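Single-structure report; data block below.
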Amino acid sequence: MSTPYPFTAIVGQDDLRLALLLNAVSERVGGVLVRGEKGTAKSTAVRALSALLPEVPVVSGCRFSCDPSSPDPACPDGPHADGGGVSRDARTVELPVGASEDRLVGALDIERALAEGVKAFEPGLLADAHRGILYVDEVNLLHDHLVDLLLDAAAMGASYVEREGVSVRHAARFLLVGTMNPEEGELRPQLLDRFGLTVEVAASREPDLRVEVVRRRLAYDDDPAAFAAKWADEEAALRARIVGARALLPSVRLGDPALRQIAATCAAFEVDGMRADIVMARTATALAAWAGREDVIAEDVRQAALLALPHRRRRNPFDAPGLDEDKLDETLQESSGDDEPDPDPDGPGSGGQPPSGGPDTPSQGDDAQGDTPAEPESGGPASQPAGGEQSAVRAGEPFRTKMLSVPGLGEGAAGRRSRARTEHGRTTGARRPQGALTKLHLAATVQAAAPHQRARGRSGTGLVIRRDDLRQANREGREGNLVLFVVDASGSMAARQRMSAVKGAVLSLLLDAYQRRDKVGLVSFRGKDAEVALPPTSSVDAAAARLESLPTGGRTPVAAGLLKAHDVLRIERMRDPSRRPLLVVVTDGRATGGPEPLALAARAARLHEVEGVASVVVDCESGPVRLGLAGELARQLGGTAVTLDELRAESIAGLVKDVQGNRRRAA
């Protein structure tokens with residue numbers, strides 16, 4: 001077994017280490033969501049934590065890690081006799097992004113269940129993680145239904161597997177840790193709320209701190225055992241502190257003044273529901289135990305708010321999570337009934353900070369949270385190239401749009417846009433299973449087996465079922481698509497009020513894509529060429545930011561924009577062939593620049609039409625004289641045109657379906 005990196009050797013990342021340790025002290029805190037850029041010790045910290053947890057006593061031979069002192073009476077491997085057992089290290093179980101539902105919750109042998117009436121159950125990762133750590137790297141990329149199952153088990157402390165009337169339940173209590181890079185897409189707000197705490201991590205911009213990180217990592221890579229031995233005393237001390245805090249936790253008192261501060265803080269930040277209040281109370285109690293106190297003080301409440309509320313406060317979809325600390329301090333002061341200011345949270349009275357990682361380690365402080373100023377985008381407001389380009393204008397007020405969908409039946413990643421064959425949804429038929437059976441169609445299975453009962457010598461009341469009789473249920477749900485925006489940023493669109501309205505419309509469609517779990521990409525064209533402003537990503541926030549900084553001006557190379565979009569879709573088709581694209585072209589259609597610009601645009605459009613790409617053209621033409629060029633472009637794409645007013649005022653759910661009808665008539 002490889003030697004894990006010592007937890008106490010991690011440099012900085014105070015919030016991350018504190019949040020993990022609080023969950024080690026109290027499993028009722030509810031887990032941690034770690035948000036941050038890659039290479040910031042997220043995975044290292046989680047894997048290192050398991051070495052600090054006390055050994056776990058388990059019933060010998062139990063696949064579900066029952067406690068010998070109080071075995072689960074409903075354990076599928078039970079009943080267990082009281083007493084006895086063995087001890088083992090706490091486990092860290094990792095859930096891969098591509099895991100199936102059966103791998104997560106376990107699987108029943110449906111054939112034996114129907115034929116023999118026995119519950120033959122193969123445990124999943126939730127059973128393996130019981131009384132340990134369940135770690136989900138890139139949790140934002142996990143399918144929504146798996147996240148739902150995961151968080152339900154974490155909240156209830158049990159996992160339920162039910163298939164066609166056969167039910168199995170087992171205990172599943174674990175420390176849930178998820179990590180994510182926000183640039184790759186956000187979690188839905190209702191899923192964010194199910195994580196107890198959240199922390200933001202970033203690499204320090206302080207050179208001395210970065211040097212220390214590299215020095216320790218190189219020393220560990222050269223000789224892991226020797227490096228771990230160097231930190232053994234600090235690890236033992238921290239392990240003892242966790243054990244002591246666990247023992248003290250039941251004695252910690254959460255008085256009415258602290259509860260009033262918790263309630264006032266949650267109300268001030270307009271969090272939904274009561275989960276935030278409960279998590280704050282449990283976190284403040286754990287903080288007091290970690291500091292060795294039996295009473296919760298105001299600083300415990302403040303620290304609990306900083307960990308439990310940033311991902312719960314009411315915000316717009318494109319706003320980053322965070323908490324206004326000045327408002328927090330003001331709220332705590334008003335609800336305390338004390339006119340004296342709170343003590344300095346960084347002063348000697350603060351007991352919630354984790355070990356500093358060694359006496360010679362420089363303090364990371366706020367440097368880990370600070371970023372260097374971003375360089376302006378090429379062609380952005382800070383660089384005014386020649387050719388008549390104008391600085392970016394702000395997007396207009398977004399509005400609610402109706403659903404754009406891709407025609408036909410896809411098989412892409414689960415989402416909420418277009419029809420697709422999925423593992424979840426309404427049952428539409430049955431077929432013979434290809435590979436492992438995942439969703440049994442009971443009626444079709446019985447129908448397949450019924451004609452053969454006499455030949456199989458059936459004598460009792462039960463059916464004689466064989467594997468060839470089993471039928472897989474066909475289910476239809478919704479998939480997420482790749483919505484590729486091709487935005488005209490030329491001079492003909494450059495009137496400030498007009499471009500503001502155009503950006504508002506695209507922002508509205510981005511909001512819709514955020515809600516429907518799509519990937520998005522952004523291509524812009526102006527001047528002499530087109531550029532990929534944002535490669536396809538699950539981060540709709542990134543697309544909104546790039547849209548906001550998009551400048552305008554110059555000629556209108558429509559053909560270049562469509563050809564660039566064709567290249568993007570070709571590459572994405574190789575990367576993810578099951579995800580179907582939806583092309584949204586935002587333009588007035590007035591192609592200019594170069595010889596025969598309209599003819600070039602028509603030829604580029606037909607490339608998409610031939611490949612069957614579903615397309616919608618948002619017609620931005622305005623004024624009393626209309627040339628109808630955007631409508632002609634939509635016809636060449638084999639798609640449909642819609643004006644900005646129609647996008648706002650009318651349902652456009654059937655627009656892309658009209659594309660299919662147009663193709664059939666053309667054929």
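Only a predicted model underlies this, so the values are computations on that prediction, with no experimental measurement involved.
Closest non-hydrogen pair, Val617 versus Ala630, comes out as CG1-O, 3.8 Å. Residues Asn140 and Asn181 share a closest heavy-atom pair of ND2-O, 3.5 Å. When every heavy atom of Val532 is checked against every heavy atom of Pro535, the shortest pair comes out as CG1-N, 3.6 Å. Heavy atoms only, all atoms of each residue included: Leu328 and Phe269 are closest at N-CZ, 3.9 Å. Of all heavy-atom pairs between Leu309 and Cys266, the closest is CD2-SG, 4.1 Å. Of all the heavy atoms in Leu142 and Pro96, the pair that sits closest is CD1-O, 3.8 Å.
Without hydrogens or angle criteria, Arg417 side chain to Gly480 main chain gives no donor-acceptor distance under 3.5 Å. Not a single donor-acceptor pair under 3.5 Å links the side chain of Asp518 to the backbone N or O of Val520. No donor-acceptor pair closer than 3.5 Å links the side chain of Thr556 to the backbone N or O of Val558. When atom types are taken as modelled, the side chain of Arg471 and the backbone of Ala430 share no donor-acceptor pair closer than 3.5 angstrom. Between the Thr198 side chain and the Leu33 main chain, a donor and an acceptor come within less than 3.5 Å of each other. With Lys503 contributing its side chain and Leu550 its backbone, the two residues share a donor-acceptor pair below 3.5 Å. Under the 3.5 Å distance criterion, the side-chain polar atoms of Ser524 are left unmatched by any main-chain donor or acceptor of Leu522. No donor-acceptor distance shorter than 3.5 angstrom exists from the side chain of His566 to the backbone of Ala604, with no hydrogens or angles considered. A side-chain donor-acceptor contact under 3.5 Å links Arg312 to the backbone of Ala308.
Salt bridge status for Arg419 with Glu476: present, with a side-chain N to carboxylate O gap under 4.0 Å. Between Arg570 and Glu611 there is no salt bridge, since no side-chain N of the basic residue sits under 4.0 Å from a carboxylate O of the acidic one.
The side chain to side chain contact (heavy atoms under 4.5 Å, CB included) test applied to Arg635 returns Glu632, not counting sequence neighbours.
Of the residues listed (Arg580, Arg579, Lys519), the one engaging Glu572 in a salt bridge (charged side-chain N to carboxylate O under 4.0 Å, His left out) is Lys519, and it is the only one.
The CZ atom of Arg526 lies 15.5 Å from the CZ atom of Arg555; values are rounded to the nearest 0.5 Å. Taking CG of Leu627 as the start and CZ of Arg590 as the end, the distance is 5.0 Å to the nearest 0.5 Å. With rounding to the nearest 0.5 Å, the separation of CG in Asn474 from CZ in Arg421 is 7.5 Å. Taken to the nearest 0.5 Å, the OG atom of Ser204 stands 8.5 Å off from the CD atom of Gln13. Between atom CG of residue Leu633 and atom CG of residue Leu598 there is a gap of 9.5 Å, rounded to the nearest 0.5 Å. Put simply, CG on Leu482 and CG on Leu583 are 9.5 Å apart, with the number rounded to the nearest 0.5 Å.
Counted by atom type alone, Thr179 and Asp137 present one or more donor-acceptor pairs between their side chains at under 3.5 Å.
No side-chain heavy atom of Leu547 sits under 4.5 Å from any side-chain heavy atom of Phe485. Side-chain contact between Leu629 and Asp588 is absent, with no heavy atoms from C-beta onward closer than 4.5 Å. Between Arg103 and Leu125, the closest side-chain pair of non-hydrogen atoms falls below 4.5 Å.
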Would you sort out whether Leu569 and His608 count as a side chain to side chain contact (heavy atoms under 4.5 Å, CB included), showing the intermediate values?
CA-CA 9 Å; Leu569 294 181; His608 294 280; 4.0 Å; yes

Please report the C-alpha distance between Asp488 and Val586 in whole Å, then the side-chain angles of each, then the deciding distance to 0.1 Å, and finally whether the side chain to side chain contact (heavy atoms under 4.5 Å, CB included) criterion is met.
CA-CA 6 Å; Asp488 183 348; Val586 185; 5.9 Å; no

Does the side chain to side chain contact (heavy atoms under 4.5 Å, CB included) test come out yes or no for Leu563 and Leu607, once each step is laid out?
CA-CA 8 Å; Leu563 290 174; Leu607 289 176; 3.7 Å; yes

Does the pair Leu150 and Leu134 meet the rule for a side chain to side chain contact (heavy atoms under 4.5 Å, CB included), with working shown?
CA-CA 10 Å; Leu150 183 65; Leu134 183 59; 3.0 Å; yes

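Annotation: Lys327, atom NZ; neighbour count of heavy atoms from other residues, nucleotides and ligands within 6.0 Å is above 12. By the 6.0 Å contact criterion, CD on Glu596 is open, its count of non-hydrogen atoms from other residues, nucleotides or ligands being 12 or less.
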